[in-house]
> 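Right, I'll just put the structure down here and ask away after.
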Amino acid sequence: MADQVTITFPDGAERQFPNGTTGTEIVAGISKSLLKKTLAMALDGVVMDLADPIKSDVGIEFLNRDDPRALELIRHDCAHVMAEAVQQLWPGTQVTIGPVIEDGFFYDFAKEDPFKPEDIAKIEKRMQQIIANNAPFTKEVWSRADTKKHFAAQGEHYKVELVDAIPEGEDVKIYKQGEWLDLCRGPHMVSTGQIGKAFKIQKFAGAYWRGDAKNAQLQRIYGTAWANEKELKAYLTRLEEAEKRDHRKLGREMDLFHFQEEAPGSVFWHDKGWDLFLSLISYMRRRQQDAGYIEVNSPDMMDRTFWELSGHWENYRENMFVSETEDERTFCCKPMNCPGHVQIYKHGLKSYRDLPLKMAEFGKVHRYEPSGALHGLLRVRHFTQDDAHIFITEDQLMKECLAINDLMLSIYKDFGFEDIFIKLSLRPEKRVGADDLWDKAEKALSDVLDEVSKRSDGNVKTAINPGEGAFYGPKLEYVLRDAIGREWQCGTTQVDFNLAERLGAFYIDEKSEKRTPVLIHRAMFGSLERFAGILIENFAGHLPLWLSPLQAVVCTIVSDADDYARDIHDKLRSAGLKSSLDLRNEKINYKVREHSLAKVPVLLVVGKREADEGKVSIRRLGSKDQTVVDLDEAIAMLSAEATAPDLKRKATAT
RNA sequence: GCCGCUGUAGCUCAGUGGUAGAGCGCACCAUUGGUAAUGGUGAGGCCGGGAGUUCAAUUCUCCCCAGCGGCACCA
């Protein structure tokens with residue numbers, strides 16, 4: 001072992017130190033103020049405890065709290081302090097795991113009595129004390145046996161399990177902060193005081209040990225921590241903004257839909273919401289027709305034998321709506337459209353010349369989702385899929401998947417979603433079909449993914465999810481990023497070498513032989529209900545004109561303008577615009593406020609002046625300004641804007 | 001489904017062991033006002049459902065349902 005190590009500083013300077021010198025010693029040698037500011041070091045880019053000895057030649061960086069890498073340390077340390085606070089306040093509580101997550105951290109505890117809402121303040125207060133004590137974080141490496149003995153003696157059974165989970169050959173590290181210690185792989189900051197004040201305990205929740213519902217349920221505490229108060233405040237504001245976009249709230253305010261307890265997980269669409277829904281279907285229907293799809297409609301209920309054949313009965317029986325009828329038959333509300341589509345396919349002999357056969361349906365599927373999963377429009381028990389099944393020969397697979405991809409990306413773009421992420425989900429444990437068919441299907445989708453990624457010049461990001469596929473085949477899942485950076489999984493392309501055969505579908509090939517088609521399942525919006533919810537949140541209720549169920553309200557300032565307003569309303573209607581008339585005996589301020597709150601995109605305000613001159617005053621949602629233009633001009637402009645993007649493209653193409 | 005919290009007027013929410021209150025909205029009257037709340041009057045409630053304790057339950061206890069926040073699930 002060398003006596004000396006060469007350390008390279010961020011400015012490029014190199015210096016020799018005795019082997020085993022710690023980061024702390026080096027910083028202390030530079031300046032007291034730097035030592036005070038430094039939370040940790042990075043050796044050749046790897047973040048380490050400042051107190052770690054340096055045993056080889058490396059490049060060193062010192063992390064202060066403004067370093068982006070420091071945030072993770074602050075949150076991690078904050079989780080430790082929270083755990084200490086909880087164990088101080090409620091002795092006997094067992095600690096389990098406490099990782100850093102996006103925007104914060106959590107720690108899971110095993111504790112008899114549940115935490116109460118008022119405990120948040122108690123925990124925060126105790127954490128402040130621990131942070132004020134500013135105890136240093138110190139690291140020790142213990143033997144496995146000693147560690148297990150220690151935790152077993154403390155009654156920390158989960159920690160004993162965690163020690164067993166540490167891979168052989170890896171050190172068992174213990175971090176101490178004052179009297180308190182935790183099993184942890186680190187790294188940590190220098191002392192608890194470095195966490196600062198910009199943290200907050202957010203909420204309590206239940207969570208299963210090791211994420212498995214078969215295990216005990218622990219109590220999770222979520223918290224957040226930031227480098228400074230300003231960032232914390234910005235984060236809390238961001239949460240508030242997201243809350244304002246909540247589609248459940250906006251749905252009520254905009255009078256789009258409602259839910260009630262007699263139909264949990266089912267939507268009561270009001271006229272305006274249904275108008276939006278129908279706009280989405282019309283749009284998708286046009287896009288699919290243009291792409292060579294046929295549209296069909298299959299029964300909502302079919303005999304259970306179909307679902308046994310398809311494998312749904314075996315895999316999803318508990319999640320199906322099942323009905324016993326007077327004739328003692330068992331019918332199931334369809335949880336998927338595929339078996340129905342295969343029946344339509346099978347009606348009449350198919351030739352290879354008929355393939356690819358692209359069969360679409362706006363089918364309403366019924367799934368008895370677990371009660372705790374329901375969430376507004378985003379997770380319901382009855383939803384409409386823009387579903388399609390594409391029957392192909394094996395060698396058409398690549399071409400069809402790419403065509404679907406192109407259509408998918410083009411459609412998302414029409415709604416303003418251009419930041420797309422595609423996940424490839426591979427075979428799950430519970431599945432049907434032989435492994436060689438899975439090999440083939442996974443290879444095919446993987447090739448498609450590579451090709452899509454290549455074509456997009458790296459604009460489309462991709463990832464692979466082992467074990468997440470459907471029971472009958474692997475899938476590509478399209479994830480959209482919305483206006484405030486949240487991700488929503490929508491479209492899916494699934495390659496299925498199993499179902500067509502199970503349901504007895506075939507075609508006659510060039511050699512007059514029977515062959516089984518490959519089935520591609522695909523949805524682009526996914527669920528119409530869910531997509532509508534996503535759009536409401538993405539646009540914060542400010543729907544683009546072509547999707548808005550009420551595009552304009554004609555408001556009068558004085559009743560002398562009533563006849564003129566009626567005239568405008570009629571003309572808007574004739575031009576295909578969705579308008580309504582507000583002739584109420586109210587002040588214009590009142591009308592503007594009310595329609596603005598209802599997110600009406602365009603207000604056409606008319607008083608005596610406009611009536612005399614044949615003009616309208618246009619006020620757009622979100623703007624305080626108005627422009628006065630000729631009525632005909634206004635109608636032409638709004639009509640153009642209200643045209644769906646695909647129709648606009650067609651109009652300019654001809 | 002599991003853990004915790006919540007359920008009072010159309011909406012947002014106060015409140016109490018002696019069967020209820022506000023604001024907004026709604027109806028009516030007056031007001032014709034130029035771009036985010038004109039004034040007045042009035043109507044509106046099985047206090048989520050069921051059982052128990054009590055002289056008396058919206059209030060306390062238990063069970064159920066639904067919603068919310070998570071976890072698990074998501075063909």
Side-chain angles (χ1 to χ4, degrees), chain A residues 106 108 111 113-117 119 202-222 246 248-249 252-253 255 258-265 307 310-320 334-339 365 367-376 378-381 383 385 428 430-432 468-473 475 489 492 494 496 499 521 526-527 530 555-562 583-597 603-610 617-619 621-626 628:
Chain A
F106 66 77
D108 286 347
K111 173 172 174 282
D113 302 319
F115 290 110
K116 297 187 291 280
D119 293 339
Q202 294 171 289
K203 58 196 169 194
F204 300 120
Y208 297 106
W209 168 236
R210 298 202 148 142
D212 189 335
K214 290 197 273 296
N215 292 340
Q217 192 153 40
L218 306 169
Q219 296 188 58
R220 175 170 295 180
I221 307 181
Y222 282 96
D246 191 314
R248 294 166 299 187
K249 183 172 130 71
R252 194 164 44 237
E253 289 169 5
D255 193 17
H258 83 269
F259 291 91
Q260 61 188 58
E261 59 179 278
E262 290 80 359
W307 308 104
S310 70
H312 288 97
W313 186 265
E314 190 190 337
N315 285 286
Y316 287 103
R317 163 72 191 87
E318 294 75 25
N319 301 304
M320 287 166 72
K334 61 177 174 187
M336 286 189 82
N337 299 301
C338 13
V365 295
R367 301 178 180 177
Y368 184 75
E369 303 285 5
S371 56
L374 303 178
H375 183 96
L378 302 181
R379 191 81 183 269
V380 289
R381 285 182 173 155
F383 61 96
Q385 287 181 317
K430 222 174 147 189
R431 59 177 182 267
V432 297
E468 302 274 306
F471 72 84
Y472 48 74
K475 55 187 179 182
Q489 188 176 308
T492 173
Q494 307 172 0
D496 176 0
L499 219 53
H521 309 242
S527 144
R530 179 176 152 84
C555 301
T556 50
I557 297 169
V558 290
S559 49
D560 286 347
D562 285 2
L583 304 181
R584 290 175 304 169
N585 176 15
E586 295 293 350
K587 291 195 168 172
I588 191 60
N589 283 305
Y590 181 91
K591 293 185 184 181
V592 166
R593 176 182 155 81
E594 191 176 88
H595 299 305
S596 298
L597 288 173
L603 295 185
L604 298 176
V605 178
V606 290
K608 207 159 177 330
R609 215 152 57 219
E610 287 79 5
S617 164
I618 304 179
R619 180 183 168 123
L621 180 60
S623 164
K624 286 194 191 322
D625 307 323
Q626 311 100 56
V628 178

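Below, chain A is the first sequence line, B the second, and so on; all start at residue 1.
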> Nearest to the side chain of A/Ser559, heavy atoms from C-beta on, is which of B/U32, B/G70, B/G1?
B/U32
> Could you please name the option among B/U38, B/C3, B/A36 that lies closest to any side-chain atom of A/Tyr590?
B/U38
> Of A/Gln489 and A/Arg252, whose nearest nucleotide on RNA chain B comes first from the 5' end?
A/Arg252
> In whole angstrom, give me the gap between the P atoms of B/G42 and B/G23.
12 Å
> Choose from B/G67, B/U35, B/A36 the nucleotide whose nearest atom is closest to any side-chain atom of A/Leu374.
B/G67
> Looking for any heavy atom pair under 4.0 Å, which part of the strands does A/Leu218 touch: base, sugar-phosphate only, or nothing?
nothing
> Kindly compute the distance separating CZ (A/Arg530) from CZ (A/Arg379), expressed to the nearest 0.5 Å.
9.0 Å
> To the nearest Å, how far apart are A/Glu369 CD and B/A72 P?
16 Å
> Using a cut-off of less than 4.0 Å, is there contact between a side-chain N or O of A/Lys203 and OP1 or OP2 of B/G70?
yes
> Among B/G70, B/C26, B/A75, which is the nearest nucleotide to the side chain of A/His312?
B/A75
> NE2 of A/His595 versus P of B/A36: gap in Å, rounded?
13 Å
> How is A/Glu610 classified with respect to the nucleic acid when contacts are heavy atoms under 4.0 Å: base, sugar-phosphate, or nothing?
base
> Can you check the distance between B/G48 and B/A43, where both ends of the measurement are the P atom (answer in whole Å)?
24 Å
> Can you tell me which nucleotide in B/A66, B/G70, B/A75 comes closest to the side chain of A/Gln494?
B/A75
> When we call it a touch if two heavy atoms are under 4.0 Å apart, what does A/Asn315 touch: a base, just sugar-phosphate, or nothing?
nothing
> When the P atoms of B/A27 and B/G10 are compared, how many Å lie between them, rounded to an integer?
15 Å
> Taking side-chain contact (heavy atoms from CB on, under 4.5 Å) as the criterion, tell me which of A/Met336, A/Gln494, A/His521 meets it with A/Leu499.
A/His521
> Counting side-chain heavy atoms from CB outward, which of B/C26, B/G34, B/G33 is closest to A/Val558?
B/G33
> Please round to the nearest 0.5 Å and tell me the distance separating atom NE2 of A/His375 and atom CG of A/Asp246.
6.0 Å
> Send over the distance from A/Arg220 CZ to B/C71 C1', rounded to a whole Å.
7 Å
> Side-chain donor or acceptor of A/Arg379 under 3.5 Å from a matching atom on the base of B/C73?
yes
> Counting any heavy atom closer than 4.0 Å, what does A/Asn319 reach on the DNA or RNA strands: base, sugar-phosphate only, or nothing?
base
> Just call it for A/Lys475: base, sugar-phosphate, or nothing, with non-hydrogen atoms closer than 4.0 Å on any strand.
sugar-phosphate
> Using the P atom as the point on both nucleotides, what is the distance between B/C2 and B/C63, in whole Å?
13 Å
> Give the nucleotide from the list B/G33, B/U35, B/C5 with an atom nearest to the side chain of A/Ser617.
B/U35
> Given the C1' atoms of B/G45 and B/G7, what is the spacing between them in whole Å?
14 Å
> Does a side-chain N or O of A/His375 approach OP1 or OP2 of B/G69 to a distance below 4.0 Å, or not?
yes
> For a quick check of understanding: with a heavy-atom distance under 4.0 Å over all strands, which category does A/Ala373 fall into, base, sugar-phosphate or nothing?
base
> Measuring from A/Leu604:CG to A/Thr556:OG1, what's the distance to the nearest 0.5 Å?
12.0 Å
> Using the P atom as the point on both nucleotides, what is the distance between B/U53 and B/G1, in whole Å?
30 Å
> Quick one: is A/Arg584 getting a side-chain N or O under 4.0 Å of the B/U32 phosphate, OP1 or OP2?
no
> Between B/C26, B/C68, B/A36, which nucleotide gets closest to the side-chain atoms of A/Arg248?
B/C68
> Counting side-chain heavy atoms from CB outward, which of B/C5, B/A75, B/U35 is closest to A/Pro117?
B/C5
> Using the C1' atom in both, what is the distance from B/C11 to B/C55, to the nearest Å?
38 Å
> What contact category does A/Gly311 fall into here, base, sugar-phosphate, or nothing, at under 4.0 angstrom with non-hydrogen atoms?
nothing
> Using the C1' atom in both, what is the distance from B/G21 to B/A51, to the nearest Å?
29 Å
> To the nearest Å, how far apart are A/Leu597 CG and B/U35 P?
17 Å
> When A/Phe471 is tested against each of A/Lys430, A/Glu314, A/His312 for side-chain contact (heavy atoms from CB on, under 4.5 Å), which residue passes?
A/His312
> So, do A/Tyr316 and B/A75 meet the stacking rule of ring centres under 5.5 Å and planes under 30°?
yes
> Mark yes or no for a side-chain to base donor-acceptor pair under 3.5 Å between A/Tyr208 and B/G70, with no hydrogen or angle criteria applied.
no
> B/C73, B/U35, B/C65: which one has an atom nearest the side-chain heavy atoms of A/Glu261?
B/C65
> If you look at every strand shown and take non-hydrogen atoms under 4.0 Å, does A/Ala213 touch a base, only sugar-phosphate, or nothing?
sugar-phosphate
> Describe the nucleic acid contact of A/Pro335 in one word from base, sugar-phosphate, nothing, applying a heavy-atom distance below 4.0 Å.
base
> Determine whether a donor-acceptor pair (one donor, one acceptor, N or O, separation below 3.5 Å) exists between the side chain of A/Gln260 and the base of B/G67.
no
> On the nucleotide B/G34, are OP1 or OP2 found under 4.0 Å from the side-chain N or O atoms that A/Arg619 carries?
no
> Give a yes/no answer on whether the side chain of A/Asn589 brings an N or O atom under 4.0 Å of OP1 or OP2 in B/U35.
no
> Between A/Lys608 and A/Glu468, who's closer to the 5' end of RNA chain B by nearest nucleotide?
A/Lys608
> Using a heavy-atom cut-off of under 4.0 Å over every strand shown, decide if A/Tyr222 touches base, sugar-phosphate, or nothing.
sugar-phosphate
